[in-house]
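Have a look at the structure that comes next, please.
Sequential numbering from 1 along the given sequence is applied to the chain's residues.
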Amino acid sequence: MDWGLLSGPERLKLEHGQQLRLLSAFEVLQARAEARSLAGEEREMALCANACLLARAVLCHGAPKFRDGEQVLRELTAEQIGGLARLWMEFNRRVNPGPGMDEEEADRLKKAWGTPGRSGCTGACCEPSQPCPRRTGSGA
């Protein structure tokens with residue numbers, strides 16, 4: 001394994017002495033656990049997860065800017081949380097695209113792994129043990 005991927009920048013400078021820092025896998029798991037405790041409904045989970053991630057990732061003059069995800073939710077708008085979370089994800093992807101692959105290949109694999117099974121066949125099998133039905137019509 002090429003551990004040289006871990007030698008990239010660990011922090012991204014923002015405005016007003018703020019920085020985004022990369023998180024360890026354990027910190028990401030902690031953020032997810034905190035988000036589950038904050039989210040009242042499933043549809044709130046993404047916003048809470050982003051807030052909890054930012055509580056760990058945003059620094060101000062080298063110290064954590066937020067105490068926890070709840071403080072992030074209280075002080076920032078949903079749009080600000082989403083924008084900072086996207087910036088963090090882009091930074092993380094740029095520094096850690098995946099072992100032995102470039103960023104585009106890593107993104108392609110992530111999308112493929114994240115595709116949920118659906119009813120019916122849309123060109124990909126829903127059940128791995130059964131082949132897709134033969135396509136009929138034009139182009140088949």
Side-chain angles (χ1 to χ4, degrees):
M1 176 175 281
D2 180 11
W3 292 102
L5 291 172
L6 300 176
S7 63
E10 294 180 15
R11 296 185 180 177
L12 177 67
K13 291 184 181 183
L14 304 174
E15 299 175 340
H16 311 294
Q18 296 181 56
Q19 298 174 321
L20 283 176
R21 72 177 184 90
L22 296 179
L23 301 178
S24 70
F26 185 71
E27 289 173 303
V28 172
L29 291 175
Q30 286 178 318
R32 289 180 186 167
E34 181 187 358
R36 282 191 294 274
S37 70
L38 284 174
E41 299 177 22
E42 183 64 30
R43 64 183 181 177
E44 298 169 349
M45 188 61 188
L47 180 61
C48 291
N50 285 339
C52 294
L53 179 123
L54 293 175
R56 290 158 175 78
V58 177
L59 303 175
C60 189
H61 302 291
K65 180 174 173 83
F66 302 102
R67 169 182 69 257
D68 55 22
E70 184 175 342
Q71 183 181 7
V72 174
L73 290 167
R74 291 182 185 280
E75 293 186 15
L76 300 180
T77 66
E79 291 77 17
Q80 290 171 319
I81 293 170
L84 279 171
R86 270 188 302 280
L87 188 61
W88 184 88
M89 287 184 275
E90 289 167 4
F91 172 51
N92 184 53
R93 222 177 280 139
R94 190 169 56 248
V95 174
N96 301 309
M101 64 183 73
D102 62 20
E103 185 177 340
E104 288 180 27
E105 186 178 359
D107 283 342
R108 185 185 56 76
L109 286 173
K110 287 178 194 175
K111 287 178 184 175
W113 291 335
T115 303
R118 299 183 191 270
S119 60
C121 186
T122 59
C125 295
C126 300
E127 297 179 12
S129 61
Q130 297 179 3
C132 284
R134 185 174 178 93
R135 293 178 60 171
T136 59
S138 64

Test salt bridge (charged side-chain N to carboxylate O under 4.0 Å, His left out) applied to Glu75 - qualifying residues, sequence neighbours left out: none

Pairs involving residues 44-64, ordered by first then second residue, that meet salt bridge (charged side-chain N to carboxylate O under 4.0 Å, His left out) (sequence neighbours left out): Glu34-Arg56

Smallest separation among heavy atoms of Leu54 and Ile81, with atom names: CD1-O, 3.6 Å

Closest non-hydrogen atom pair, Gln80 against Thr77: OE1-N, 2.8 Å

Within one Ile-Leu-Val-Met-Phe-Trp-Tyr cluster: Met45 and Leu84, side-chain cutoff 4.5 Å: no

Separation of Leu20 CG from Asn92 CG (nearest 0.5 Å): 10.5 Å

same_hphob_cluster(Leu23, Phe91) at 4.5 Å side-chain heavy-atom cutoff: yes

Close side-chain approach of Arg11 to Arg21, heavy-atom, < 4.5 Å: yes

Sub-4.5 Å side-chain heavy-atom contact between Val72 and Val58: no

Spacing of SG belonging to Cys52 relative to CZ belonging to Arg36, to within rounding of 0.5 Å: 10.0 Å

Same apolar cluster: Met89 and Leu47, side chain cutoff 4.5 Å: yes

Which atom of Leu53 lies closest to which atom of Ala31, heavy atoms considered: N-CB, 3.8 Å

Asn50 side, atom CG; Leu76 side, atom CG - distance, nearest 0.5 Å: 11.5 Å

From CD (Gln18) to NZ (Lys13), nearest 0.5 Å: 13.5 Å

Distance (rounded to the nearest 0.5 Å) between Leu59 CG and Lys65 NZ: 11.0 Å

Side-chain ion pair, Arg86 and Glu90, N-O less than 4.0 Å: no

